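Presented below is the structure to which this report refers.
Quantities reported herein were computed from a predicted structural model and do not represent experimental measurements. Each residue takes its place number in the sequence, starting with 1.
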Amino acid sequence: MKKFIRRDPQHRDQVPFLQLLPNLVTLSGMCLGLTSIRFSMDGRYDGAALLLLLAALMDGLDGLLARRLNATSNFGAELDSLSDFLCFGVAPGLLIYRFFLEPSNNFGWIFVLVFAAACCLRLARFNVMRDENAAETSHHFLGVPAPAAAMLGLLPLFVSLAGVVDLRPVPHLVAFWLGFVGVLMISRLRTFSPKAMRIPRALVGLMMFATVVAVGLMFTRIWLLLTALDLIYLAMLGHAALQARRPGAE
């Protein structure tokens with residue numbers, strides 16, 4: 001005889017915590033981005049930059065959790081995009097404006113708007129293409145992703161905090177750089193995706209050694225480390241641009 005299990009009606013209105021976890025991580029990242037804006041307004045620029053770095057890590061973590069826990073949803077995708085716009089479109093621009101561009105008055109603010117608008121347009125394009133071109137973009141991104149663009153936009157800040165060169169006397173140059181990064185976001189350039197990353201077995205030991213060095217720099221010369229990572233990423237973008245210009249490239 002079959003045994004019929006009586007379901008508790010209350011369970012139908014309950015959601016497993018693990019299904020909510022990616023969205024909770026997304027909201028945590030949004031709070032970091034909003035707090036970064038507050039730190040920028042208070043003149044705590046190093047703390048604001050570190051909060052954006054943590055927000056970028058949160059952004060990668062929430063997507064990974066959603067895929068691993070099979071908790072992806074349209075709601076989560078839209079929430080992630082809204083959080084990304086705040087953390088990587090608005091907060092970096094305000095930080096750069098407060099640290100570098102206030103002396104340039106309206107000129108610098110124009111490029112802050114360009115950067116934020118480019119981030120908004122990129123996220124809108126990504127949402128539209130999410131289902132249509134999922135297979136095509138599984139091994140690369142079209143344009144620079146918003147978190148990477150935020151880190152690139154903060155390169156002048158990293159360079160200045162690292163003591164390499166103080167760029168505050170040249171706010172117009174910083175403004176043009178911010179606008180250039182915005183253009184990279186909405187470009188059709190195929191950029192690196194961690195999903196496609198493969199490490200040759202011969203380089204596994206070197207990769208582990210580099211990780212140890214990076215962790216050491218994180219606690220001693222973090223701004224120098226972030227500057228180096230930005231320059232490496234720029235070199236990869238340059239390589240991708242050269243590949244795209246070759247005859248027969250798609």
Side-chain angles (χ1 to χ4, degrees), residues 25-41 44-64 79-101 108-127 141-162 167 174-187 189 191-194 218 222-237:
V25 174
T26 300
L27 288 174
S28 299
M30 183 206 69
C31 292
L32 292 175
L34 194 57
T35 306
S36 173
I37 294 176
R38 178 189 173 183
F39 276 30
S40 297
M41 297 299 101
R44 300 159 66 181
Y45 304 115
D46 52 351
L50 288 175
L51 286 174
L52 291 182
L53 178 62
L54 290 175
L57 296 176
M58 288 282 195
D59 182 67
L61 180 61
D62 64 4
L64 178 63
L79 180 64
D80 184 67
S81 292
L82 293 172
S83 175
D84 284 357
F85 176 63
L86 173 67
C87 296
F88 311 126
V90 177
L94 289 176
L95 175 53
I96 291 295
Y97 181 80
R98 287 281 293 159
F99 193 83
F100 292 104
L101 304 182
W109 184 248
I110 291 172
F111 288 91
V112 173
L113 295 179
V114 168
F115 182 84
C119 182
C120 184
L121 292 171
R122 178 193 161 70
L123 292 170
R125 184 181 71 182
F126 179 81
N127 287 347
F141 294 114
L142 289 179
V144 175
M151 295 301 107
L152 280 182
L154 293 176
L155 178 59
L157 180 67
F158 297 156
V159 169
S160 298
L161 292 178
L167 297 176
V174 175
F176 282 123
W177 170 254
L178 196 63
F180 173 69
V181 175
V183 171
L184 289 178
M185 270 195 282
I186 58 175
S187 70
L189 182 66
T191 60
F192 165 77
S193 170
M218 187 182 302
I222 186 170
W223 307 119
L224 187 62
L225 172 64
L226 292 173
T227 298
L229 292 177
D230 267 355
L231 293 177
I232 292 172
Y233 188 71
L234 278 174
M236 295 170 65
L237 291 180

Looking only at heavy atoms, which two atoms of [X] and [Y] are closest? And how far apart?
| X | Y | value |
| --- | --- | --- |
| Asp80 | Thr26 | CA-CG2, 3.8 Å |
| Ala149 | Val181 | O-CG1, 3.4 Å |
| Ile96 | Gly153 | CD1-O, 3.5 Å |
| Arg122 | Pro145 | NE-CA, 3.5 Å |
| Leu79 | Leu27 | CD1-CD2, 4.0 Å |
| Phe88 | Phe115 | O-CE2, 3.3 Å |

Could you state the interatomic distance from [atom1] ([X]) to [atom2] ([Y]), rounded to the nearest 0.5 Å?
| X | Y | atom1 | atom2 | value |
| --- | --- | --- | --- | --- |
| Leu51 | Arg44 | CG | CZ | 8.5 Å |
| Leu155 | Tyr233 | CG | OH | 13.0 Å |
| Phe158 | Asp230 | CZ | CG | 6.0 Å |
| Leu154 | Leu226 | CG | CG | 9.0 Å |
| Ile222 | Thr227 | CD1 | OG1 | 10.5 Å |
| Cys120 | Phe85 | SG | CZ | 5.0 Å |

Could you give me the CA-CA distance, side-chain angles and deciding distance for Leu178 and Val114, then say whether side chain to side chain contact (heavy atoms under 4.5 Å, CB included) is met?
CA-CA 8 Å; Leu178 196 63; Val114 168; over 6 Å; no
Step by step, work out the side chain to side chain contact (heavy atoms under 4.5 Å, CB included) result for Phe111 and Val174.
CA-CA 9 Å; Phe111 288 91; Val174 175; over 6 Å; no
Heavy atoms, side chains only, cut-off 4.5 Å: are Trp223 and Asp46 in contact?
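Yes, their side chains come closer than 4.5 Å.
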Is there a side-chain contact between Met151 and Leu52, using heavy atoms and a 4.5 Å cut-off?
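In contact.
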Give a yes or no answer on whether the side chain of Trp177 reaches the backbone of Leu152 with a donor-acceptor pair at less than 3.5 Å.
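Yes: the side chain of Trp177 pairs with the backbone of Leu152.
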Ser36 side chain to Leu32 main-chain N or O, any donor-acceptor pair under 3.5 Å?
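Not a single qualifying donor-acceptor pair exists.
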Residues Trp109, Leu101; criterion side chain to side chain contact (heavy atoms under 4.5 Å, CB included); working and verdict
CA-CA 7 Å; Trp109 184 248; Leu101 304 182; over 6 Å; no
Between Leu157 and Phe100, does a side chain to side chain contact (heavy atoms under 4.5 Å, CB included) hold up when you go through it step by step?
CA-CA 8 Å; Leu157 180 67; Phe100 292 104; 4.0 Å; yes
